[in-house]
Amino acid sequence: MSLMKDAGLKISIDSMGSIFGTWSGSSGDRIDGRPVATGSHIDAVPRAGAYDGTLGVLGGIEAIRSLKESGFKPLKPLQVIMFTSEEPTRFGLSCISSRAMAGALDAQSLARLKDVNGTTFVEAAHGAGYALDFEDEKSIIASARQHAFSAFVELHIEQGPELEADRIDIGAVTAIAAPSALQVRFSGSGGHAGALLMKYRNDASLAASELAIELEKAVLSTQSHDTVGTVGKWIIEPNAINSVPREAYLEIDIRDIDKARRDYVLDRIRNATETIAHKRKLQYTFEVLNTDPPAQADKAIVEAIQEGAKRFGLSSKSMVSRAYHDSLFMAQLTRMGMIFIPCEGGKSHRPDEFASSDDIANGIKVLAYTMAKLAGGESHQHSEL
Ligand code: GLV
Ligand code: MN
Ligand code: MN
């Protein structure tokens, strides 16, 4: 917020705790209408790097600051947003605030979300000192849905290896893959690892293992490299070397740019869960946390990004985003575009994630150019940006 203030932006915080920094032009500017917005998130996954999300927030502030400094006269407000809870790290669900903004999260679903300590989103929000005017999930959601935009453009590291491998400076995102998240729990009787003979066991961890292998098989059976599936979270109880696992809890992430293909894998996993539990005489629960549709970027924004890259002498290519972003939900509200920059070795969601200052500067220039073009003011063709 102090960086936003230093850049001369007006700060507001919404009911979900998302922070908005807005520049409504200088005195005498004919500013009107809905903002052209950018932004991303600063929350993180466990053992994360420093660039995922943070680039889009700090880069957004810098893009608007440099447009101001260049004498740009916008016709629409320019805004940078720092979204709350893009990562599912704390509450299990991804993109919580942009999901709410887009009307894709209802009060009941928000009320069900709890962190590992059993703290609800509202309790956490109040504890952090925001949403104090809102008593319950219903009023929080109603307020979060009040936002309106004329366009949204997010700057992000690619999180994959393509740009670096092809020696391309800028990725103009055309679509964002459709993510889904499942929660599966197998429950058995447990027992003593020495005394309980194999024939008497219903080992929850073995059921989980079979399901993980079935996921890989289902994903590979589509024969498309766009289908991916991951069992990223795996908790067994009692997690002791001399106890047969009594419980196994899995969180499963399945994505594809093709929704039908993604749903085919999901259905196979649903059926496999039932079959494996039955065969191994276990109880089970199977919950689909989210099955989000893919999003398409706006053609004119993709072109503006490519044009911006060209103006600064940068190479660019169009590509899909296999990671999800708040842009997935912003696309349900307004015209959306995303700018990718290379990251070293395509590494992300790892502590050694890295993007160079040159690549970061390139991304911010193209972001500033694109926002200027969308905000429609005079002199959006600044070569000195
Ligand atoms: C976002 O971090 C994602 O998992 O794609
Ligand atoms: Mn991430
Ligand atoms: Mn991110």
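For ligands, and for the atoms within them, numbers begin at 1 and follow the listed sequence.
For the pair Y51 and D359, the minimum side-chain heavy-atom distance is 4.5 Å or more. In this structure, the side chains of T119 and R90 come closer than 4.5 Å at one or more pairs of heavy atoms. Annotation: side chain of R185 is in contact with side chain of E247 (closest heavy-atom distance under 4.5 Å). Taking 4.5 Å as the limit, every side-chain heavy atom of I257 sits out of range of all side-chain heavy atoms of P294.
Using a 4.5 Å cut-off between side-chain heavy atoms of Ile, Leu, Val, Met, Phe, Trp and Tyr, L266 falls into a hydrophobic cluster with L182, V184, F186, L211, L215, V219, V231, W234, I236, L250, I252, I254, Y264, V265, I269, I276, L282, Y284, F286, V288. Under the 4.5 angstrom side-chain criterion for Ile, Leu, Val, Met, Phe, Trp and Tyr, V45 has no cluster partners at all.
Taking a heavy-atom cut-off of under 4.0 Å, ligand 1 is surrounded by E86, E87, R255, A323, Y324, H349.
Protein N/O/S atoms closer than 2.8 Å to the Mn ion (ligand 2), listed by chain and residue number, are D52 OD2, E87 OE2, H349 NE2.
A distance-only check finds a donor-acceptor pair linking the side chain of S150 to the backbone of P35 [under 3.5 Å].
In this model, no donor atom of one side chain and acceptor atom of the other lie less than 3.5 Å apart for R99 and S109.
Using a cut-off of 4.0 Å between Lys/Arg side-chain N and Asp/Glu carboxylate O, R270 and E274 are scored as not salt-bridged.
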